[in-house]
Amino acid sequence: MRILILVLSLLMLPAATAAEYAVVVASNSTIGALDSARLRDIFLRHRNFEGEVRLVPVNLLGEDSTRTHFETSVLNMNRDELNRYWITGHFQGLKPPATQASLQSVKAFIAHVEGAIGYLPLAMVDDSLKVIHEF
Amino acid sequence: MSFKTKTIVLLILLSLVPYVVTMGILGSAYRHDMESQLMANMNYQLGITIDRLDQSLLTLQNDMNFMASLDIMNDVLSGDIDKRIVNVLQQKKTDLALAGDFAVVDTKGTVIASSDVNSIGTAFTGTPLLRVALHSTFGDAAIGELLVRYDMDNLTRYFANDEHLAWSLLVGGERFGAAPTTAAALTIEGHLHSQPGMTVRLEQDRSLAFAALDKLTRSFLFALAIGTALIATIAFMVANYILHPILLLASTARAITETQDYSKRVQVARGDEIGKLAAAFNSMIGGMQDMIVRVKEEGENKLKLAQEKNRAEMLQSLSNKLAKYLSPQIYQSIFSGEKDVTLGSSRKKLTIFFSDIVNFTGTTDQMESEDLTQLLNHYLREMTDIALSHGATIDKYIGDAIMIFFGDPHSRGVADDARYCVEMALAMQRKVRELQELWRATGYTKPFSIRIGIHTGYCTVGNFGTENRMDYTIVGSSVNLASRIQTSAAPGTILISEDTCLLVRDRFTCLPVASVTPKGFIQPVLLYQVMQDDLSSQFVNVEQTGFHLQYQPGLLTPESRELLLQELEKLRGGHNS
């Protein structure tokens, strides 16, 4: 049921509102387009490799709207759920993704670190980045 | 070197050597001990300092490790756009009051973040004090380094502030802290445990370290100098105390030797060995003084004795010569001291003897003087021998006459004196008869005969003359009488006076021959002829020109005696006719 709702939601989103944010990697990355489920696995550290590439997810620090939107839109988890998840995960050996304090630093991080994957407003995407998912 | 100097030197040596040796050993031990203590102290201080440095560096390292472990170090990958690392570094620098700067460099050495914002974006220069590798939270690969740039001089604040100690930190050939000391110094080093490349060196100048000891040494030397002076003074006084009496002894001995004054004494009023020596010296000098006096007296006595001996020998020699001119009795009497050689006389009863050679002048006229001298001397020698053998005193020789007396200086009694005199006269007549035979055999055609007269009476006997020339002789009428009796005697006979005859007739045969009144005498004197030898062998031998009468009265019988008297009467009658 939940999946159905999600699919319906996804189908409805483009029609409802145009996408404003994008999940990006470095433009020279071999990583191609990924769906939300794959992104969710990556950002919840269920999946660390994409092909031969070691994945380095990066979050924005704090209560930034971009992050909130990413969490609700892509991860489908609010902050309390995430907190509980990572507390549990801490004891299972899971560490949350690295963080950057600003969108600029996220952009720079993705551009410099191989396998880095993050999210930015579409407006900030340039040639150095490659969009693999929009939301 | 005098004994005094030797004594002083010896006393000083005896006093100082143990002192110096002891002080030297103590000083050396103290110096060694002090050096050990200094080294121990330095080691202790070095250990503390190294520990503090290690502690400090370890704290810094821990802080850096902590910083390196922060998630924000992932910002290195994004160039620290948000300055989060810079903020942390600056905050830590402030917290630690670090005299330096932290810096985060990427793998290319470019400074991504630093507490010194000016250096961001540039290549890191210099040698970092500490460095920590940075790893991302998501991968193993190093993403850079956290470095700390530190001014090493600041580390010297951990060094104890001690003017004697020179601390320095040696890092990679560079030296921080105190300048190297040029003087001989005690040096120790230690490596930091956390940073083996960092060496802390601690130096201490010996001159400063041992300043106290040097001061002590100077004090010791000063005390030694004072002690030496004091000991020298005491040694001088002790030497004087010991030697003064000895020098006094020496000077006294020298003075005694030079002046020969043995009355000198040493005045040392001490009861010790030197006092005893002085007393013994005085005693010895006293003994020598006594001995010298004694020797001197003995010498004088010996000289006196020698002189007296010489004098005695001279006198002996003289008296021996004189003896020839004196009768032995007189000689003995004089030289034995019984009689002094002084003018003086005594009256004694003596027996006086006279003899002479019959017709000496007539005989000697026909003889050569040499023969006469020989003959006379021979005769006198023989007579003298007889006289002396009978104890006679030969008064004098008067030409051919001999004057002898008995009874002085030695008398055997008047009777014995007379007897010895008569015996002597008999012996003389016998000897003359022997001599007559001898002389006749020798060629003297008219040998001597002698006549003898003897009288016993009082005479004055003694030294007559002057003080310068005196004669020991007898004088008196008895002497004259004896002489007269002698002239009355027939040749070869012995006439004696009655006085003598009375003394000797019990021994000798005395015949009364005549009564004469000698010239100068008033009373006639009865004369006796002593019969010579025994009666049986007695000869009467009368020889004159024209006759030679010889008979033996002892053998005369009354008839022959009568015949002889008749013949003589005939001769008398014929002569008278």
Side-chain angles (χ1 to χ4, degrees), chain A residues 24-29 31 39 41-50 52-64 66-67 86 89-90 93-121 124-126 128-129, chain B residues 64-95 102-117 119-124 132-147:
Chain A
V24 295
V25 295
S27 58
N28 56 358
S29 174
I31 301 170
L39 288 173
D41 286 344
I42 291 170
F43 276 88
L44 293 179
R45 307 307 301 265
H46 290 160
R47 187 184 185 89
N48 290 317
F49 287 90
E50 186 65 36
E52 295 296 320
V53 180
R54 183 184 175 84
L55 296 169
V56 182
V58 58
N59 273 330
L60 266 173
L61 189 64
E63 300 291 333
D64 188 270
T66 305
R67 179 174 175 175
W86 287 120
H90 176 76
L94 293 177
K95 292 176 76 175
T99 60
Q100 289 293 309
S102 65
L103 292 172
Q104 285 76 18
S105 62
V106 169
K107 183 182 177 181
F109 186 89
I110 293 167
H112 287 102
V113 179
E114 185 185 1
I117 177 169
Y119 43 87
L120 289 171
M124 290 182 66
V125 175
D126 55 18
S128 64
L129 301 174
Chain B
M64 288 171 72
N65 287 339
F66 172 72
M67 286 192 291
S69 69
L70 293 175
D71 285 347
I72 57 170
M73 287 304 163
N74 290 331
D75 289 3
V76 172
L77 298 172
S78 59
D80 194 32
I81 291 171
D82 299 322
K83 306 296 181 191
R84 288 198 300 174
I85 299 174
V86 172
N87 291 337
V88 168
L89 295 181
Q90 285 180 336
Q91 186 62 47
K92 184 55 76 177
K93 177 182 175 180
T94 305
D95 291 347
F102 294 111
V104 172
V105 296
D106 61 13
T107 53
K108 295 172 184 169
T110 306
V111 177
I112 300 300
S114 173
S115 54
D116 174 20
V117 294
S119 64
I120 294 171
T122 61
F124 185 86
V132 180
L134 296 177
H135 296 277
S136 65
T137 56
F138 45 84
D140 297 327
I143 57 171
E145 282 182 313
L146 172 60
L147 308 176

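If you're wondering where the values come from, they're calculated on a predicted model, not measured in any experiment.
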Mind running side chain to side chain contact (heavy atoms under 4.5 Å, CB included) on A/Lys107 and A/Asp126 for me, showing each step along the way? CA-CA 10 Å; A/Lys107 183 182 177 181; A/Asp126 55 18; 2.6 Å; yes
Proximity breakdown for A/Leu55 and chain B, heavy-atom pairs closer than 4.5 Å: neither
Below 4.5 Å, heavy-atom pairs only: which of A/Ala101, A/Pro97, A/Pro57 has the largest tally toward chain B? A/Ala101
Can you name the side-chain contact (heavy atoms from CB on, under 4.5 Å) partners of A/Arg54, sequence neighbours left out? A/Phe49
Would you call A/Trp86 and A/Leu94 a side-chain contact if the rule is heavy atoms closer than 4.5 Å? yes
Which atom pairs, donor and acceptor, lie under 3.5 Å between side-chain atoms of residues 111-121 of chain A and protein residues at least two apart or in another chain?
| from | atom 1 | to | atom 2 | distance (Å) |
| --- | --- | --- | --- | --- |
| A/His112 | ND1 | A/Ala108 | O | 2.7 |
| A/Tyr119 | OH | A/Asn59 | OD1 | 2.9 |
| A/Tyr119 | OH | A/Leu60 | N | 3.2 |

Heavy atoms of other groups near A/His46 NE2, more than 12 under 6.0 Å: yes
Is the shortest side-chain heavy-atom distance between B/Ile143 and B/His135 below 4.5 Å? no
Heavy atom to heavy atom, less than 4.5 Å: which residues from residues 77-87 of chain B reach chain A? B/Leu77, B/Ser78, B/Ile81, B/Asp82, B/Arg84
With side chain to side chain donor-acceptor pair (under 3.5 Å) as the rule and sequence neighbours excluded, what pairs involving residues 64-74 of chain B come up? B/Asn74-B/Thr137
